[in-house]
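Position 1 is the first residue of the sequence; numbering continues from there.
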Amino acid sequence: MPKFKTHRASAKRFKKTANGGLKGANAYTSHRFHGKTKKQRRQLRGTSMMNHTTLKNYVHMMGR
């Protein structure tokens, strides 16, 4: 059977963790910050873990 190719866009945006999860940047951080509270803006900084419901699809894209 052929090998799976890595989805390059996903590989550039997400990093695999030691326990098999994926971490990446938060959404909603490019513009329109005046409509968000200080707490929202603070919590959107940095990275976050991917939700377990979408994790299965992305792990498959990352080439297992």
Side-chain angles (χ1 to χ4, degrees):
M1 230 176 123
K3 295 180 180 178
F4 284 101
K5 287 194 173 183
T6 302
H7 190 265
R8 297 312 298 161
S10 299
K12 291 170 188 173
R13 286 166 174 77
F14 304 109
K15 299 288 178 208
K16 215 170 198 179
T17 61
N19 289 331
L22 291 176
K23 67 176 182 178
N26 291 300
Y28 310 111
T29 57
S30 59
H31 62 103
R32 291 187 60 158
F33 288 106
H34 62 276
K36 296 173 178 66
T37 63
K38 266 182 109 91
K39 182 180 180 180
Q40 282 177 306
R41 286 181 279 173
R42 186 173 63 246
Q43 290 179 341
L44 285 172
R45 277 188 222 132
T47 58
S48 63
M49 295 298 293
M50 185 176 285
N51 192 334
H52 72 278
T53 55
T54 57
L55 183 66
K56 187 178 175 183
N57 296 331
Y58 279 91
V59 167
H60 183 72
M61 274 198 263
M62 297 286 277
R64 300 200 177 190

Centres of the F4 and H60 rings: under 6.0 Å?
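Yes: the rings meet the under 6.0 Å criterion.
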Distance (rounded to the nearest 0.5 Å) between R8 CZ and T6 OG1
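That separation rounds to 6.0 Å.
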So how far is it from K16 NZ to N19 CG, rounded to the nearest 0.5 Å?
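So the gap between those two atoms works out to 12.0 Å.
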Taking all non-hydrogen atoms of both residues into account, name the closest pair between [X] and [Y] and its distance.
| X | Y | value |
| --- | --- | --- |
| F14 | M62 | O-CE, 3.6 Å |
| N26 | G46 | ND2-O, 3.6 Å |
| L44 | A27 | CD2-O, 3.6 Å |

Backbone N or O of [Y] within a donor-acceptor pair of the [X] side chain at under 3.5 Å?
| X | Y | value |
| --- | --- | --- |
| Q43 | Q40 | no |
| K36 | R32 | yes |
| N51 | T53 | yes |

For atom CZ of R13, decide whether the heavy atoms of other residues, nucleotides or ligands shown that lie under 6.0 angstrom number more than 12.
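12 or below, so no.
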So for atom CZ, which belongs to F33, do other residues, nucleotides or ligands contribute more than 12 heavy atoms lying within a distance under 6.0 Å?
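Atom CZ in F33 is packed in, count exceeds 12.
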For side chain to side chain contact (heavy atoms under 4.5 Å, CB included), just list the numbers for L22 and M49, CA-CA rounded to whole Å, side-chain angles, deciding distance to a tenth of an Å, and then say yes or no.
CA-CA 6 Å; L22 291 176; M49 295 298 293; over 6 Å; no
Is there a side-chain contact between T17 and K15 (heavy atoms, below 4.5 Å)?
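When only atoms from C-beta onward are counted, K15 and T17 do not touch, as no gap falls below 4.5 Å.
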Can you tell if the side chain of Y58 reaches within under 4.5 Å of the side chain of M50, non-hydrogen atoms only?
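Yes, side chains in contact.
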Test side chain to side chain contact (heavy atoms under 4.5 Å, CB included) on M61 and V59 and set out the steps.
CA-CA 5 Å; M61 274 198 263; V59 167; over 6 Å; no
